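Keep in mind that the numbers below use all heavy atoms, side chains included, and drop hydrogens, waters and symmetry copies. Naming: A, B, ... by sequence-line order, numbering from 1 per chain. Since the structure is predicted, the reported quantities are computational estimates derived from the model, not experimental observations.
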Protein chains: 2
Amino acid sequence: MKIGELARAMATNVETVRYYERIGMLAAPARTHANYRSYAPEQIARLSFIRRARTLGFTLDDIRELLALASDADQSCEAIDAMAVRHRDAINRKIADLTALRQQLDDVIDACSQGRVGHCRIVEALGPR
Amino acid sequence: MKIGELARAMATNVETVRYYERIGMLAAPARTHANYRSYAPEQIARLSFIRRARTLGFTLDDIRELLALASDADQSCEAIDAMAVRHRDAINRKIADLTALRQQLDDVIDACSQGRVGHCRIVEALGPR
DNA sequence: TATGCACCCTGTAGCAACTACGGGGTCAAG
DNA sequence: CTTGACCCCGTAGTTGCTACAGGGTGCATA
């Protein structure tokens, strides 16, 4: 599988795949006669894992760790579970922060009475003190 | 006011203030005899605006635009209101994304039965297909 | 007076996770 | 045989800071 097909299949883009190779998230694949990258099923699966974990918000470092943990099938699931829980907690904090922030924005937006900038509540809300 | 006092007052740090100057968010302030930056009230107010808008999640580009709009007190408030609303919508989308993501994480965490990695639902959930 | 310490200066490089470019090679179709 | 879609490499840009390194300044204390 060439890099373009792979990228399309993973809904990512070619540069990202090459980037992952450069930083060691993916092993360098075999090359065709024309020096094109040629991906084996194993590497395709690994990229799939990486992309899915990324869309779940794991960092590349998290994913390195998850992959290391996942590579030993006999190991306990505990560490992986713990990572997922930690990550969920971080997401919960992010949601809480954004919700508070939306409330503040709602407040300034509601206060805006479509006047002149000189009396704009939004501008005032952002001003000093 | 020296840069250190300013930074403390704004709960930001010195490097950030200098960074804002470098990228043109803040004008270069006057200098003391010792070549120390010396901030006038106007610039302090501007930094306050920037920091408050940043904590509300506006990007520096957004803030540049807000500052430009806010600088003409006679102008209508409309454009500023529209920016705030656009921004709130973006935050709402972010909250929705994170909430969906938390649901997925909850699912895999609930499915995890503390077994071996070979059968870990989290690993499976991230795997190909 | 010396000296220590907190503060200030500049300039550059690093972070995460890509994205975009420039300048070229390869391959299949028409 | 040329056009277009693909591939290669290397480097630099993005956002919003943060962290040095290697120096200067200013005030209090011994």
*Go through B:Tyr20 and B:Arg51 one step at a time and tell me if the side chain to side chain contact (heavy atoms under 4.5 Å, CB included) criterion holds.*
CA-CA 11 Å; B:Tyr20 288 159; B:Arg51 291 309 299 171; 2.6 Å; yes
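- Atom CD of A:Glu5 sits in a crowded spot, with more than 12 heavy atoms from other residues, nucleotides or ligands closer than 6.0 Å.
- Looking at heavy atoms from C-beta onward, A:Asp89 lies in side-chain contact with A:Arg93 at the 4.5 angstrom threshold.
- With rounding to whole Å, A:Met25 atom CE is found 11 Å from C:dA17 atom C1'.
- Between the CD atom in A:Glu78 and the CG atom in A:Leu69 there is a gap of 11.0 Å [rounded to 0.5 Å].
- The CG atom of B:Leu66 sits 4.0 Å away from the CE atom of B:Met83 when rounded to the nearest 0.5 Å.
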*asked:* Run A:Asp61 and A:Arg64 through side chain to side chain contact (heavy atoms under 4.5 Å, CB included) and show every step you take.
replied: CA-CA 5 Å; A:Asp61 269 357; A:Arg64 260 185 251 269; 3.4 Å; yes
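- Under the 4.5 Å side-chain criterion, counting only non-hydrogen atoms from C-beta, A:Thr59 is in contact with A:Asp62.
- At a threshold of 4.0 angstrom between heavy atoms, the contacts of B:Arg51 are confined to the sugar-phosphate backbone, with no base atom among them.
- In the region residues 29-40 of chain A, proximity to DNA chain C at under 4.0 angstrom, judged on heavy atoms, holds for A:Ala34, A:Tyr36.
- With sequence neighbours excluded, the residues that form a side chain to side chain contact (heavy atoms under 4.5 Å, CB included) with A:Asn13 are A:Glu15, A:Thr16.
- Between the CG atom of A:Leu56 and the P atom of C:dA17 there is a distance of 14 Å, given to the nearest Å.
- Note that the CG atom of B:Asp106 and the OG1 atom of B:Thr99 stand 10.5 Å from one another [nearest 0.5 Å].
- For the pair B:Arg18 and B:Arg54, nearest-nucleotide mapping onto DNA chain D gives the more 5' position to B:Arg54.
- At least one side-chain heavy atom of B:Pro29 sits under 4.5 Å from a side-chain heavy atom of B:Glu21.
- At C:dA17, none of the side-chain N or O atoms of A:Thr16 fall inside 4.0 Å of OP1 or OP2 (strictly under the cut-off).
- Per the geometry, NZ belonging to B:Lys2 stands 9 Å off P belonging to C:dC9, to the nearest Å.
- Across every non-hydrogen atom of A:Thr32 and A:Ser38, the tightest pair is CG2-CB, 4.1 Å.
- At the heavy-atom level, B:Ile3 lies under 4.0 Å from the strands shown only through sugar-phosphate atoms.
- Taking atom OH on B:Tyr19 and atom C1' on C:dT12, their separation rounds to 15 Å, with Å as the unit.
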*Determine, stepwise, if the pair A:Thr12 / A:Leu6 fulfils side chain to side chain contact (heavy atoms under 4.5 Å, CB included).*
CA-CA 8 Å; A:Thr12 184; A:Leu6 179 63; over 6 Å; no
_From CA spacing to verdict: side chain to side chain contact (heavy atoms under 4.5 Å, CB included), A:Arg37, A:Lys2_ = CA-CA 6 Å; A:Arg37 285 171 181 80; A:Lys2 279 190 289 181; over 6 Å; no
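- Across its full length, the helix from C:dT1-D:dA30 to C:dG30-D:dC1 shows an angle of 20° between the axes of its 5 terminal pairs at either end, rounded to 10 degrees.
- Side-chain contact check for B:Tyr39 versus B:Leu47: every heavy-atom pair is 4.5 Å or farther apart.
- Interface limits on DNA chain D: the 5'-most and 3'-most nucleotides within less than 4.0 Å of chain A heavy atoms are D:dC6 to D:dC9.
- Closest-nucleotide positions on DNA chain C for B:Arg22 and B:Arg8 were compared, and the one nearer the 5' end corresponds to B:Arg8.
- Contacts between residues 85-97 of chain A and DNA chain D, defined by a heavy-atom separation under 4.0 Å, are absent.
- Note that CZ of A:Arg86 is 10.5 Å distant from CG of A:Asp81, once rounded to the nearest 0.5 Å.
- B:Thr55 and B:Arg52 get closest at one heavy-atom pair: OG1-O, 2.9 Å.
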Contact list (N/O, under 3.5 angstrom) for nucleotides 1-4 of chain C vs protein:
none

